[in-house]
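Only one structure is covered here, and it is reproduced in the block below.
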Amino acid sequence: MTVVTRFAPSPTGPLHIGGARTALYAWLYAKRHGGQFILRFEDTDRERSAETYARSILESMAWLGLHHHQGPLYQSQRMPRYHQVVQQLMAAGLAYHCYCTPQELDEMRAAQRQRSEKPRYDGRCRQRTAPRPGVPPVVRFRNPPDGEVVFDDLTKGTIVVANTELDDLILVRSDGQPTYNLCVVVDDLDMGVTHVIRGEDHVINTPRQINLFAALGAHPPRFAHVPLIMGADGKPLSKRHAAVDTLAYREQGYLPQALLNYLFLLGYSVGDQERFTLQEMADVFDLARVHRSSAVFDPKKLLWLNHQYIKESSPDLLAPLLLEHLAQRGCVPSAAPPLPAVVSIQQERCKTLAEMADKSLFFYAPPAGYAPKATERYFLQPHAARLLAAMSQQLAELGEWSQPEIARAIHQAATSFQLTLADVAQPLRLALSGDTVSPPIDATIYWLGRDEALQRLNAALVFLQSQAGGSAARSTAC
RNA sequence: GUCCCCAUCGUCUAGAGGCCUAGGACAUCACCCUUUCAAGGUGGCGACACGGGUUCGAAUCCCGUUGGGGACGCCA
């Protein structure tokens with residue numbers, strides 16, 4: 001039997017990070033067993049579904065690299081089939097018209113709650129034969145009145161639910177639109193889905209769907225329900241805790257491999273192994289080993305993982321991604337240094353590509369100003385101007401423009417000025433980048449290039465001169 | 001409230017009755033390295049929710065309590 005799994009989001013929002021994990025697990029299971037992975041949009045709620053969300057979900061899946069073999073399928077395009085099934089159920093007496101109004105149902109539930117009962121449809125229209133004038137009916141499924149539904153959830157184990165706990169679910173709305181519970185069953189059946197892997201919020205739907213499969217004379221697929229993802233406070237993950245839109249992670253400079261790796265670990269483990277490629281995940285994936293309890297989303301560990309991937313990725317691979325993030329910041333590198341070179345000296349110190357872009361902007365644009373505190377500490381020193389001037393001259397006269405030669409010049413300056421290396425490097429950083437944080441100063445100078453480095457040093461010297469006059473002027477003014 | 005599910009460091013987890021003085025990772029703290037920031041290295045802090053059983057022996061099996069989550073829609 002060929003394994004067929006599916007991911008079936010409703011396009012009522014972007015791809016939630018929890019949905020992404022469910023999709024990953026479904027994808028892995030198919031991959032593991034050489035099966036098929038279907039992407040299907042459950043867009044039966046015409047009010048809330050939107051094409052833009054479907055596109056966003058598609059983009060998320062593509063970014064993650066979770067490619068589907070079939071689809072994307074849209075339930076909204078399968079209406080005739082659903083109505084055909086409803087006809088069949090009606091004819092067999094397995095479904096019936098219900099004329100209760102929403103208001104009546106509300107009252108019924110309120111009364112049930114008052115009696116400490118579980119609110120559910122009491123089946124009052126089950127025996128009705130005559131229509132109720134002026135009230136468009138819904139179609140309800142005639143759920144078995146007694147007995148119990150038992151199913152082996154592939155991750156949660158055996159689950160038993162009494163039929164008395166299940167009410168007659170609505171198959172078709174009063175406006176003629178079929179509902180989720182009908183469509184999933186028909187689709188999973190028609191599409192030959194063998195393994196339904198979905199969020200835990202669907203466990204209670206499962207026995208009802210199993211009854212529906214039975215009514216249709218079909219064997220249900222196997223089910224596996226994966227726990228939900230929580231925020232730091234133990235509440236379901238929401239925008240309050242972290243970004244929940246998958247694409248937001250791309251914008252923030254995360255690598256899909258890192259996100260996938262993190263999501264995989266959030267509910268699955270293989271001994272002490274922390275790092276997995278998609279292939280490695282697929283090789284070990286087993287639904288029975290998916291954890292049964294929900295996990296808390298920890299942005300810090302995701303960040304750490306992302307950093308690991310950034311550190312180990314090839315600069316050539318990261319360069320185009322860095323380019324995008326630079327472009328978003330209005331920076332379009334035209335001259336040196338080459339992007340891969342920037343990546344190679346930044347990847348060790350940047351946890352995201354966004355951070356890398358922020359910290360690399362100075363390579364392509366001279367500082368617009370100098371950090372005030374750093375200025376005070378490193379520029380407003382008696383020797384600052386002499387030091388910068390000396391460095392400027394040394395660099396200008398350097399025979400070979402290489403990192404070791406530049407380093408040598410810096411060491412010489414430290415010796416002749418009787419300064420520590422840090423006291424030479426910091427003013428240089430400030431002059432070149434506008435602040436005191438950069439990759440190693442020799443590498444920074446080297447990749448900036450001789451002309452650019454000299455220009456910036458000279459600009460800093462001009463600034464120092466203006467400060468000398470300016471601060472005196474200010475002190476008299478105050 | 002009713003039904004279903006779950007329970008090891010702050011977080012993700014290892015753990016299938018003796019290998020557990022409970023292991024790893026993130027975070028955190030200290031130190032080392034150091035040209036800033038990082039990275040790296042070394043070490044520290046830190047958990048079996050509680051109560052009963054079963055057993056020679058329980059983090060591991062059973063029951064209960066507590067706590068958490070899910071569901072209870074003409075949403076999916």
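Each chain gets a letter, A, B and so on, in the order its sequence line appears, and its residues count up from 1.
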Using a strict 4.0 Å threshold on nitrogen-to-oxygen distance, state whether [X] and [Y] make a salt bridge.
X: A:Arg132; Y: A:Glu104; result: yes
X: A:Arg208; Y: A:Asp167; result: yes
X: A:Lys239; Y: A:Asp245; result: no
X: A:Asp358; Y: A:Arg329; result: yes
X: A:Glu452; Y: A:Arg450; result: no
X: A:Glu117; Y: A:Arg113; result: no
X: A:Arg173; Y: A:Asp175; result: no

Which whole number of Å gives the distance between the [atom1] atom of [N] and that of [M]?
N: B:A39; M: B:C29; atom1: P; value: 13 Å
N: B:U13; M: B:G51; atom1: P; value: 25 Å
N: B:G24; M: B:C61; atom1: C1'; value: 26 Å
N: B:G44; M: B:G68; atom1: C1'; value: 32 Å
N: B:U8; M: B:C50; atom1: C1'; value: 15 Å
N: B:G43; M: B:G53; atom1: C1'; value: 42 Å
N: B:A49; M: B:C12; atom1: P; value: 14 Å
N: B:C37; M: B:A59; atom1: P; value: 46 Å

May I have the step-by-step check of salt bridge (charged side-chain N to carboxylate O under 4.0 Å, His left out) for A:Asp298 and A:Lys300, ending in yes or no? CA-CA 5 Å; A:Asp298 180 7; A:Lys300 288 215 177 114; over 6 Å; no
If you look at every strand shown and take non-hydrogen atoms under 4.0 Å, does [X] touch a base, only sugar-phosphate, or nothing?
X: A:Glu165; result: sugar-phosphate
X: A:Thr436; result: base
X: A:Asp442; result: base
X: A:Gly267; result: sugar-phosphate
X: A:Arg429; result: base
X: A:Val184; result: nothing

Please give, in whole Å, the distance from [N] [atom2] to [X] [atom1]?
X: A:Leu265; N: B:C26; atom1: CG; atom2: P; value: 12 Å
X: A:Arg275; N: B:C26; atom1: CZ; atom2: P; value: 11 Å
X: A:Asp298; N: B:C9; atom1: CG; atom2: C1'; value: 14 Å
X: A:Leu432; N: B:C37; atom1: CG; atom2: P; value: 17 Å
X: A:Leu263; N: B:C26; atom1: CG; atom2: C1'; value: 16 Å
X: A:Asn306; N: B:A39; atom1: CG; atom2: P; value: 14 Å
X: A:Phe297; N: B:C12; atom1: CZ; atom2: P; value: 12 Å
X: A:Leu166; N: B:U2; atom1: CG; atom2: C1'; value: 13 Å

If the cut-off is 4.0 Å, is [X] near the phosphate of [N], judged by side-chain N/O to OP1 or OP2?
X: A:Lys351; N: B:A39; result: yes
X: A:His291; N: B:A14; result: yes
X: A:Ser269; N: B:A14; result: yes
X: A:Lys301; N: B:A27; result: no

For the side chain of A:Asp435 and the backbone of A:Val437, is there at least one donor-acceptor N/O pair under 3.5 Å apart?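 The answer is no, because no donor-acceptor pair under 3.5 Å joins these two groups.
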Set out, line by line, the N/O atom pairs under 3.5 Å between protein and nucleotides 70-76 of chain B.
from  : atom 1 : to       : atom 2 : distance (Å)
B:C72 : O2'    : A:Pro119 : O      : 2.2
B:G73 : OP2    : A:Arg109 : NE     : 2.6
B:G73 : N2     : A:Arg48  : NH2    : 3.1
B:C74 : OP2    : A:Arg109 : NH2    : 3.0
B:C74 : O2     : A:Ser174 : N      : 2.9
B:C74 : O2     : A:Ser174 : OG     : 2.9
B:C74 : N3     : A:Ser174 : OG     : 2.9
B:C74 : N4     : A:Cys100 : O      : 3.2
B:C75 : OP2    : A:Arg173 : NE     : 2.2
B:C75 : OP2    : A:Arg173 : NH2    : 2.5
B:C75 : O4'    : A:Arg48  : NH2    : 3.2
B:C75 : O3'    : A:Arg173 : NH2    : 3.0
B:C75 : O2'    : A:Asp45  : OD2    : 3.1
B:C75 : O2'    : A:Arg48  : NH2    : 3.4
B:A76 : OP1    : A:Thr44  : OG1    : 2.6
B:A76 : OP1    : A:Asp45  : N      : 3.3
B:A76 : OP1    : A:Arg173 : NH2    : 2.6
B:A76 : OP2    : A:Arg173 : NH2    : 3.4
B:A76 : OP2    : A:Tyr180 : N      : 3.2
B:A76 : O3'    : A:Glu42  : O      : 3.4
B:A76 : O3'    : A:Glu42  : OE1    : 3.3
B:A76 : N6     : A:Asn205 : OD1    : 3.3
B:A76 : N6     : A:Asn205 : ND2    : 3.3
B:A76 : N1     : A:Asn205 : ND2    : 3.1

Please pick, from [options], the nucleotide with the shortest atom-to-atom distance to any side-chain atom of [X].
X: A:Glu348; options: B:C4, B:A39, B:U35; result: B:A39
X: A:Gln308; options: B:G40, B:G24, B:G69; result: B:G40
X: A:Glu274; options: B:C6, B:U35, B:G24; result: B:G24
X: A:His307; options: B:A39, B:C26, B:C6; result: B:A39
X: A:Ala295; options: B:C12, B:A38, B:G23; result: B:C12

I would like to know whether A:Val270 and A:Phe276 meet side chain to side chain contact (heavy atoms under 4.5 Å, CB included); could you show each step before the answer? CA-CA 10 Å; A:Val270 185; A:Phe276 296 85; 3.9 Å; yes
Is there any protein nitrogen or oxygen under 3.5 Å from a nitrogen or oxygen in nucleotides 28-30 of chain B, and what are the pairs?
none

5' priority, RNA chain B, between A:Arg115 and A:Ser293 [closest heavy atom]: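 Result of the comparison: A:Arg115.
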Complement of B:G67, any strand, by Watson-Crick or G-U distances under 3.5 angstrom: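 Paired with B:G67, as far as the under-3.5 Å criterion goes, is B:C6.
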Pick one: which of A:Ser10, A:Pro9, A:Pro14 meets side chain to side chain contact (heavy atoms under 4.5 Å, CB included) with A:Tyr53?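 It is A:Pro14, the one option of A:Ser10, A:Pro9, A:Pro14 that forms the side chain to side chain contact (heavy atoms under 4.5 Å, CB included) with A:Tyr53.
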Salt bridge (charged side-chain N to carboxylate O under 4.0 Å, His left out) partners for A:Asp190, two or more places apart: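 Residues passing salt bridge (charged side-chain N to carboxylate O under 4.0 Å, His left out) with A:Asp190: A:Arg78, A:Arg81.
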